[in-house]
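Structure, as structure tokens:
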Amino acid sequence: MKKMFIGGRWMAAQDERTIPVVAPESGETFDRISRGGAHEVDLAVKAARSALAGPWGRMTATERGRVLMKIGQAVLDHADELAQIEARDTGKPMTTARNDITVLARYFEFYGSAADKVHGEVIPFVGGHHVSLLREPLGVTAHIIPWNYPAQMVGRTVAPALAMGNAAVLKPAEDTSLSALRIAEIAAAAGLPDGALNVVTGLGEEVGAALAAHPGIDFVSFTGSNEVGTLVQQAAARRPVKCVLELGGKSPQIVFADADLDRAVPIIVRAIVQNAGQTCTAGSRLLVQQEVYDQVVGRIAEAFAKVRVGTPEMDLDCGPVMNPAQLARVKRYIDAARNSGIPVLAEGRIAEGVPAAGFYVKPTLFGPVPRDNALAREEVFGPVLAALPFTDEADAIALANSTEYGLLAAVWTENGARQQRVAKAVQAGQVFVNCYGAGGGVELPFGGTKRSGHGREKGLLALEELSTTKTLVQYHG
Ligand code: NAP
Ligand code: MG
């Protein structure tokens with residue numbers, strides 16, 4: 001049984017309640033975590049507040065950066081162990097889990113090395129005054145993260161918060177709390193002072209809701225569904241405190257007739273199959289110019305049919321989905337598309353020998369999908385790709401922008417002017433030209449437009465989100 005990490009100490013829930021930890025590969029319970037509640041959230045916020053008043057709050061930016069760099073190294077030193085934890089908890093292939101841990105370390109290295117490079121400014125003002133703009137921490141930051149990339153998400157949201165001198169309270173997803181708990185322990189051993197990072201496990205509607213509504217927090221970062229993101233923003237608005245939301249997408253791969261298909265095909269397949277499609281940046285819409293539609297979709301189908309699904313140890317293209325609810329959701333979309341007569345162009349295969357009670361689903365390519373169909377507009381969060389034809393550039397842009405989301409987009413064409421025009425016209429927080437960066441890119445500012453959320457994570461912009469300014473005006477005559 002895993003306890004929570006609060007104020008540098010392990011703590012069980014006040015009422016000793018626990019939640020089972022289930023392995024998606026087999027459906028079996030292999031551990032339990034604590035089911036915290038409002039009481040533990042309160043303790044964690046107080047521990048964070050004390051950290052700000054204690055050794056953590058007194059550290060210089062250089063010292064904070066050094067601690068973060070040490071955490072990055074410690075993560076690398078424990079990479080095998082962390083990858084095992086992550087693969088078992090999420091069901092993802094071992095290679096993917098190992099990559100996730102490398103990215104986790106990169107977040108601590110990137111923000112650790114940036115901590116003392118965020119400078120203030122001097123502002124020219126009326127005579128006799130000196131004006132400086134200071135960058136300061138927000139205070140206690142709350143972080144509510146999902147189950148798709150649990151370890152990476154800790155790095156993505158917590159590392160910049162710590163770099164700027166905040167103290168964090170983290171609520172991992174109830175399905176995947178193990179890596180966050182171990183990372184907090186590793187960070188403490190690497191020198192992170194007590195209370196700088198607190199992990200409270202439990203249910204979203206208990207721990208998550210209590211955290212978002214806690215009067216002692218100064219900021220909340222949320223990644224997950226639109227429904228819960230709206231609740232979190234409402235709770236933040238009541239304080240009111242700033243909130244950054246990352247809420248998913250329906251990202252288009254826009255393939256023009258002149259695209260380099262040898263390059264595009266494997267990347268497009270990977271961008272939807274990766275992590276069993278449970279990636280907010282999954283390239284889930286394949287938009288293809290009419291004149292090459294059959295050819296492109298034919299080649300994608302060929303590659304798609306070779307996709308293999310298996311256990312983490314089998315280490316194939318992808319693993320099971322996260323939980324029974326997610327399995328039912330993905331199957332519901334697949335069944336609805338089949339029942340409405342949309343052709344199945346290809347299916348991946350589930351490897352022989354996977355446990356029967358695991359949460360496996362066949363990756364499926366549908367096309368042509370009608371523009372008003374759910375599969376063309378809604379986030380499935382599973383390995384389901386919807387192909388749609390378009391006529392010309394204007395039609396491609398209109399189609400790309402026709403969902404409520406706006407997270408990522410990719411443009412596949414050899415025409416440089418068209419690359420620029422389309423990239424500027426699509427509504428997305430990131431646009432890739434002849435490549436696709438689902439999930440990666442610690443250095444690259446990331447976030448949504450439209451219903452995909454607001455605020456920016458990753459890159460140096462995250463440091464602005466996780467800090468505030470103070471304008472200091474001094475009269476010297
Ligand atoms: P979710 O409910 O939005 O969960 C995200 C996080 O919010 C988890 O830590 C969750 O805790 C917490 N949470 C749940 N209810 C809360 C509440 N009332 N107040 C505060 N926090 C709360 O997402 P999900 O149920 O895991 O997945 C549902 C769908 O969301 C997926 O099918 C997918 O479409 C989408 N999704 C998107 C992303 C993304 O990266 N954009 C990631 C995951 C899921 P618990 O885990 O304990 O409930
Ligand atoms: Mg699990």
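When a ligand or atom number is given, it counts from 1 through the structure's own listing order.
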For ligand 1, which atoms, with element, lie under 4.0 Å from some heavy atom of Cys280? 39 (C), 40 (O), 41 (N)

Short version for Thr279: what comes under 4.0 Å of ligand 1, heavy atoms counted, is neither

Stepwise side-chain hydrogen bond (donor to acceptor under 3.5 Å, both in side chains) test for Asp89 and Thr176: CA-CA 6 Å; Asp89 212 7; Thr176 56; 5.2 Å; no

Protein residue, atom and distance nearest to atom 12 (C) of ligand 1, heavy-atom basis: Ile144 CG2, 3.7 Å

Between Ala173, Ala325, Gly448, Gly208, flag the one that comes closest to atom 20 (C) of ligand 1 by a heavy atom. Gly208

List ligand 1 atoms under 4.0 Å from Ala209, heavy atoms only on the residue side. 19 (N), 20 (C)

Check: of Lys171, Glu174, Met322, His143, min heavy-atom distance to atom 11 (O) of ligand 1 comes from Lys171

What atoms in ligand 1 come closer than 4.0 Å to a heavy atom of Leu203? 47 (O)

Check ion pair Glu378-Arg285 (N to O, under 4.0 angstrom): no

Taking atom 14 (C) of ligand 1 as the reference point, the nearest protein heavy atom with its distance: Gly204 CA, 3.4 Å

Basic-acidic side-chain contact under 4.0 Å: Asp317, Arg349: no

In terms of heavy-atom contacts, does CD of Glu443 have more than 12 from other residues, nucleotides or ligands at under 6.0 Å? yes

What protein heavy atom lies closest to atom 44 (C) of ligand 1? Include the residue and the distance to one decimal. Phe381 CE2, 3.5 Å

Which option out of Glu378, Glu205, Arg329 puts a heavy atom nearest to atom 34 (O) of ligand 1? Arg329

With a 4.0 Å cut-off on N to O distance, would you call Glu246 and Arg156 a salt bridge? yes

If you measure from each heavy atom of Phe222 to ligand 1, is any distance below 4.0 Å? yes

What is the nearest protein non-hydrogen atom to atom 2 (O) of ligand 1, stated with its residue, atom name and distance? Val228 CG2, 3.5 Å

Run the salt-bridge test on Asp372 and Arg377 with the 4.0 Å N-O cut-off and return the result as yes or no. no

Using heavy-atom distances only, which candidate in Gly277, Gly248, Ser225, Gly202 approaches atom 1 (P) of ligand 1 most closely? Ser225

If you have a sec, work out which protein heavy atom is nearest atom 32 (O) of ligand 1 and how many Å separate them, to one decimal? Gln326 OE1, 2.9 Å

For atom 41 (N) of ligand 1, is the nearest protein heavy atom closer than 4.0 Å? yes

Which ligand 1 atoms does Leu247 reach within 4.0 Å, using its non-hydrogen atoms? 41 (N)

Considering non-hydrogen atoms of the protein only, which is the closest contact for atom 5 (C) of ligand 1, and what is the distance? Thr223 O, 3.7 Å

Under 4.0 Å between a side-chain nitrogen and a carboxylate oxygen: does that hold for Lys92 and Asp100? yes

Face-on cation placement of Arg270 at Tyr436 ring, 6.0 Å and 45° thresholds: no

Could Lys242 and Glu465 be called an ion pair, given the rule that one side-chain N must be under 4.0 Å from one carboxylate O? yes

Can you pull out the closest protein heavy atom to atom 8 (C) of ligand 1? Residue, atom name and distance to 0.1 Å, please. Ile145 O, 3.4 Å

Please check if any side-chain donor atom of Ser179 sits under 3.5 Å from a side-chain acceptor atom of Glu86, or the reverse. yes

Hey, mind stepping through His78 and Glu185 against side-chain hydrogen bond (donor to acceptor under 3.5 Å, both in side chains) and telling me if it holds? CA-CA 11 Å; His78 293 85; Glu185 188 178 25; over 6 Å; no

Counting from 1, what ligand 1 atoms have a heavy atom of Pro146 closer than 4.0 Å? 42 (C), 43 (C)

Salt-bridge contact Glu81-Arg182 (side-chain N to carboxylate O under 4.0 Å): yes

Atom 24 (P) of ligand 1: the protein heavy-atom neighbour that sits closest, reported with distance to 0.1 Å: Trp147 NE1, 3.7 Å

Quick one: look at Glu227 and ligand 1, take heavy-atom pairs under 4.0 Å, and tell me if it's side chain, backbone, both or neither. neither

Ionic contact status for Arg35 with Glu206, cut-off 4.0 Å: yes

